[in-house]
Amino acid sequence: MRASLIQIAVDPDESVEARRVRAASLVVAQRGADLVILPELWPVGAFAYTAFEAEAEPLEGPTHEVMAKAAAEAGVWLHAGSFVERADDGTLYNTSLVFSPEGERVAAYRKIHRFGFDRGEAVMMGAGEELVTVALPDTILGLATCYDLRFPEQFRGLVDAGAETLVVAAGWPERRRSHWTLLAQARAVENQAYVLAVGTAGTHGDIQQAGHSIVVDPWGEVLAQAGADEEVLTVDLDPDKVRTTRDQFPALKDRRLGLASPL
Ligand SMILES: O=C(O)CCC(=O)C(=O)O
């Protein structure tokens, strides 16, 4: 299974419309891959809080339209990263979309853990309430967004729901790049799952982005890692490796659920 992670640069000098067109052409250029993934809030920028209201879109708005077409044109499963969704009741969400190779939306995931403590996304957006998995022909994806990476119980919940490949769409700051790499490997090791974590390049909202998108196998080995700039990271995965790792080192079976805190 070939996965391409598009670490797109988010630069305030480029309009959202221009970036949508560019992101779509980057997706189409990945024809031949099985799965293509974009990062968190790439249309507006994860830290461009002041633009969230103005750039919010309905679920089936411009980002949905452009990405559905790009998935169909490329003939790939597309995790289209996330955008600022305005729900019917006016609440904003950090929402990721997944499309089939025919361009049908098969999933929408609203970020569960909002970042910013007492500012930014944490106060401007609503929190997602549902774990989301997506069955592909060769693997089951479990979806997460950026700050979610710090919450292992979300990933355990996804694994309990069948996830074998954990996808993290992010806009992670350079300042905490060491956490990004460490946590991506930790989530892979503890869940015996692939982790495909894609961030953005560039600087937005005055926050320099880490880039360094990363692919980790179910044994915790880093299969590939990007640099800081815009880049497409393409990796071949063996979906059977999740099953063999879990069979040969069956640590997940030794959980003491009665003692651990519930989800
Ligand atoms: O947890 C972190 O250090 C970064 C999280 C973040 O930037 C986000 O969720 O947007």
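Ligands are counted one by one from 1 in listed order, and the atoms in each one are counted from 1 as well.
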Enquirer: Are the side chains of Arg105 and Leu59 in contact, using a 4.5 Å heavy-atom criterion?
Expert: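 Yes, at least one pair of side-chain atoms sits under 4.5 Å.
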Enquirer: Within a strict 4.5 Å, meaning less than it, do heavy atoms of the Leu97 and Met67 side chains meet?
Expert: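 They are not in contact (no side-chain heavy atoms under 4.5 Å apart), so the answer is no.
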Enquirer: Going by distance only, is there an N or O of Lys111 that falls short of 3.5 Å from an N or O of ligand 1?
Expert: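 Yes; the residue has a nitrogen or oxygen that sits under 3.5 Å from a nitrogen or oxygen of the ligand.
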Enquirer: Do Lys241 and Leu237 have side chains that approach each other closer than 4.5 Å (heavy atoms only, starting at C-beta)?
Expert: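 Heavy-atom side-chain distance check fails, nothing below 4.5 Å.
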Enquirer: Under 4.0 Å from a heavy atom of Gly171: give me the atoms of ligand 1 that qualify, with their elements.
Expert: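 What qualifies from ligand 1 is 7 (O).
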Enquirer: Does some non-hydrogen atom of Pro173 fall short of 4.0 Å from ligand 1?
Expert: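 Contact present.
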Enquirer: Do we see a donor-acceptor contact under 3.5 Å between the side chains of Ser213 and Gln225?
Expert: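 No.
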Enquirer: Judged by non-hydrogen atoms, does His113 sit under 4.0 Å from ligand 1?
Expert: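 The answer is no: ligand 1 sits nowhere under 4.0 Å from a heavy atom of His113.
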Enquirer: So which protein heavy atom does atom 1 (O) of ligand 1 come closest to, and at what separation?
Expert: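 For atom 1 (O) of ligand 1, the nearest protein heavy atom is Arg150 NE, 2.6 Å.
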Enquirer: In terms of residue, atom name and distance, what is the protein heavy atom nearest to atom 7 (O) of ligand 1?
Expert: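 The protein heavy atom lying closest is Phe47 CZ, 3.3 Å.
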Enquirer: Mind checking whether Arg114 has a heavy atom under 4.0 Å from ligand 1?
Expert: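 No.
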Enquirer: With heavy atoms only and a cut-off of under 4.0 Å, state how Phe115 meets ligand 1: side chain, backbone, both or neither.
Expert: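 Under 4.0 Å from ligand 1, Phe115 contributes side-chain atoms alone.
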Enquirer: For Glu164, is there an ion pair with Arg243 - N to carboxylate O distance below 4.0 angstrom?
Expert: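 Yes, charged N to carboxylate O under 4.0 Å.
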Enquirer: Provide the number and element of each atom of ligand 1 under 4.0 Å from a heavy atom of Trp172.
Expert: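 Those qualifying, in numeric order: 1 (O), 2 (C), 3 (O), 4 (C).
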Enquirer: Taking the six-membered ring for Trp and the full ring for Phe, Tyr or His, determine whether the centres of Trp42 and Phe83 are under 6.0 Å apart.
Expert: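 They do not qualify: ring centres at least 6.0 Å apart.
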Enquirer: With ring centroids as reference points, do Phe151 and Phe155 lie under 6.0 angstrom apart?
Expert: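 Centroid distance Phe151-Phe155: not below 6.0 Å, so no.
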Enquirer: Looking only at heavy atoms of Trp180, does any of them come nearer than 4.0 Å to an atom of ligand 1?
Expert: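 Outside the 4.0 Å threshold, so no.
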Enquirer: Please state which protein non-hydrogen atom is closest to atom 3 (O) of ligand 1 and give its distance, to 0.1 Å?
Expert: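 Looking only at protein heavy atoms, the one closest to atom 3 (O) of ligand 1 is Arg176 NE, 2.5 Å.
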Enquirer: Students should be able to answer this: which protein heavy-atom is nearest to atom 6 (C) of ligand 1, and at what distance?
Expert: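 Checked against all protein heavy atoms, atom 6 (C) of ligand 1 sits closest to Cys146 SG, 3.1 Å.
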Enquirer: Measure the shortest side-chain to side-chain distance between Arg246 and Val242 over non-hydrogen atoms and say whether it is less than 4.5 angstrom.
Expert: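 The answer is yes; the side chains approach within 4.5 Å.
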